[in-house]
Amino acid sequence: MKDKDYINLIISTKLAYFSKIKGFMILRPYGYKIWENIKNILNKMLIKTNHENVYFPLLIPKSLFNIENNYIKSFSKECAIVTHSRLKIKDNKVIIDPSSKLNEELIIRPTSETIIWDTYKEWIQSYRDLPVLINQWSNVVRLEMKNKIFIRNSEFLWQEGHTAHAYKKDAIIEINIIKKIYKNLIKKKLSIPFISGYKTNIEKFSGAKYTYSFESLTKYNGKSIQLATIHFLAKNFSKAFNVMFTNKNGKKKYVWSTSWGISTRLIGAIIMIHSDNKGLILPPKIAPIQVVIIPIINNKNLIYKNKINNIIKKIINNLKKIKIKVKYDNNKYITPGNKFFKYEKMGVPIRITIGKKEIDKNIMEITRRDNFKKYYLNINNFKKKIIKILNKIQKNIYIKAKKNMKKKTFFIDDYNLFKEKIYNNCGFIISHWDKNNKTELKIKEETKATIRCIPNKFKEKGRCIYSGKKSYKRVVFGKSY
RNA sequence: CGGGGUGUAGCGUAGUCUGGAUUAUCGCGCCUGGUUUGGGACCAGGAGAUCAUAAGUUCAAAUCUUGUCACCCCGACCA
């Protein structure tokens, strides 16, 4: 899929639409449903692990950014700022009323750490107030110079978790819980394979002590996409906002904290990782339509028409009983062939076709979107089998994506070969690195490749691909979106 | 924010270089009626465009000039 096809696919399947403002997208029902499904799945997992949802305001007073923390460096160049509160009409034109200038400018949140930590200061007094396990579903605005719909928007929807803990070990436990949850979401629900690991100092969230991230590769151009991040903030924010609690011994201590998030970028990842030349392929677990039923009706034979309709009604009822999201497309003005193409493009995992042939044999024809395999199931006995097929699709697209990721992953120890692979967009290059910031920057300068993450699993002695210095671990290089 | 490209109906486009007879082309889609319906149906009729936007040059602008906006590509920046 080329970039142009990516955009065309999004527009033509009505996932999203461009708004009039640069980098701001309109999520249409089909796209928004995918987000709702992702949200519902993740939300359940977070609630189960004792997290609670809150909502903090969109606007943050500028003064809250006056803190001693590198954090502001991340966003200072991409903030939307509110300066006035009134409009007025002058010469038939709307203008900003100059007299309504705000005493203090308001920043549209690029992320909510500041306002949340400023509030935690008031909420947290005692060890009994801890932990604070809070999550927020919201939008944030970052006026990016370069946009790519879903992947790099100026506004996006996300989930931001902000937790506070009495002890470091509690914060670490929290991070491990979120790691598991994200892993489950990405691998099992979105069928996306990934490599995960720590960010380098240069690549990490600047407010964090360290950042853990999940990275995957697009199917066609081998660019890496960041899927989720988890930050160990240590005491960075509690110190910046003076958030202290009194422990059991009556001593004042700064709290430990974490933050973590996923965003609508995941939808972009799903598109770029699973789609084929016929269109989207949606993982069944998040597909707005899991099964589409297309009747083949011939108007000449009304008996069959009625029979087909009646049987399809029964099938729909049975599918609804097992909570399968089903759509019956009985539009008589569109030919079956047209419908086939339409729903294939939309990535609907399963298509059921029923016509005279099926009715005569008491069966239904089932076609999988992922590999176009056909099954013929008995009309009275199909529920378990449909679920099985949906699960198979869920797994199969993961396996396909994983194979693709493996095909584009190389262990390389020669810098010339490294440069060649990166130049040809070959995906993840796993090489030794001397842990030196300067080396990392030099490599970036020469090849545009960055260190996507440092997984634990590549422990092995070697020599840095660039400097030749000692290395104890391989790291993952790639070109990112 | 720098360099390049694009913007014509819901979508894709012709026309732009070389300004004028263009009633702005064609295909898809849309609407009406009818026949169809097992992999992108057919016939007949119909609607739909201030040619992104603002200003300028000109007797005359989709076409030339300039500004603005959006989108795409390449950089810089950035989760």
Quiz prompt | A/I151 side, atom CD1; A/I271 side, atom CD1 - distance, nearest 0.5 Å | solution =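 Between atom CD1 of A/I151 and atom CD1 of A/I271 there are 7.5 Å.
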Quiz prompt | Reported CD1-to-CG distance for the pair A/I379 and A/N318, which is rounded to 0.5 angstrom | solution =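 Nearest 0.5 Å value for the CD1-CG distance: 11.0 Å.
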We want to know whether [X] and [Y] form a side-chain donor-acceptor pair, criterion being a heavy-atom distance below 3.5 angstrom.
X      : Y      : result
A/R452 : A/T450 : yes
A/N135 : A/E160 : no
A/S63  : A/N66  : no

Strand partner of [N], provided both Watson-Crick or wobble distances fall under 3.5 Å:
N      : result
B/rG2  : B/rC74
B/rC42 : B/rG34
B/rU58 : none
B/rC51 : none
B/rC11 : B/rG27

Rounding to an integer number of Å, can you tell me how far [X] [atom1] sits from [N] [atom2]?
X      : N      : atom1 : atom2 : answer
A/K148 : B/rC74 : NZ    : P     : 8 Å
A/N338 : B/rU36 : CG    : P     : 19 Å
A/F18  : B/rC11 : CZ    : P     : 12 Å
A/K22  : B/rC72 : NZ    : C1'   : 11 Å
A/I151 : B/rC72 : CD1   : C1'   : 16 Å
A/Y376 : B/rG38 : OH    : C1'   : 10 Å
A/Y333 : B/rC28 : OH    : P     : 21 Å
A/K479 : B/rA76 : NZ    : P     : 11 Å

What's the gap between [N] and [M] when it is taken at their [atom1] atoms, as a whole Å value?
N      : M      : atom1 : answer
B/rA62 : B/rG20 : P     : 10 Å
B/rA24 : B/rA49 : P     : 12 Å
B/rU22 : B/rG10 : P     : 25 Å
B/rU25 : B/rA9  : C1'   : 13 Å
B/rG15 : B/rU23 : C1'   : 15 Å
B/rU57 : B/rG19 : C1'   : 11 Å
B/rU68 : B/rG45 : C1'   : 43 Å
B/rC77 : B/rG2  : C1'   : 12 Å

Quiz item: How do A/K77 and A/G23 order along RNA chain B: which one's closest nucleotide is nearer the 5' end?
Solution: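 Nearer the 5' end of the strand: A/G23.
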Quiz item: For A/I354 and A/E215, take the nucleotide of RNA chain B holding the closest heavy atom to each; which residue's nucleotide lies nearer the 5' end?
Solution: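 This one resolves to A/I354.
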Quiz prompt | Salt bridge A/E344-A/R351, side-chain N to carboxylate O under 4.0 Å | solution =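 Result for this pair is yes, salt bridge flagged.
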Quiz item: Looking at A/D276 and A/K278, does any basic side-chain N land under 4.0 Å from a carboxylate oxygen?
Solution: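 Result for this pair is no, no salt bridge flagged.
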Looking across every strand, which nucleic acid part, if any, lies under 4.0 Å from [X] by heavy atom: base, sugar-phosphate, or nothing?
X      : answer
A/T353 : base
A/E358 : base
A/R452 : nothing
A/K146 : base
A/F340 : base
A/E144 : base
A/T229 : base
A/K345 : nothing
A/S480 : nothing
A/K278 : nothing
A/G207 : nothing
A/I7   : sugar-phosphate
A/K339 : nothing

Exercise. Could you check if a side-chain atom of A/W433 sits within less than 4.5 angstrom of a side-chain atom of A/R474, using non-hydrogen atoms only?
Key: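 Contact flag for A/W433/A/R474 side chains = no.
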Quiz item: To the side chain of A/M145, which of B/rC1, B/rC78, B/rG39 is closest?
Solution: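 Nearest listed nucleotide: B/rC1.
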Quiz item: So does A/K448 get a side-chain nitrogen or oxygen closer than 4.0 Å to the phosphate oxygens (OP1/OP2) of B/rG75?
Solution: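 Answer is yes, contact under 4.0 Å.
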Self-check item: A/T335 side-chain N/O to B/rG40 phosphate OP1/OP2 under 4.0 Å
Solution: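 No, A/T335 has no side-chain N/O under 4.0 Å of OP1/OP2 on B/rG40.
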Quiz prompt | B/rC78 base / A/R152 side chain donor-acceptor hit below 3.5 Å | solution =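 Answer is yes: a donor-acceptor pair is held.
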Quiz item: Under 3.5 Å, is there an N or O donor on one side and an acceptor on the other linking the side chain of A/E344 and the base of B/rG40?
Solution: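 Check fails, no donor-acceptor contact within cut-off.
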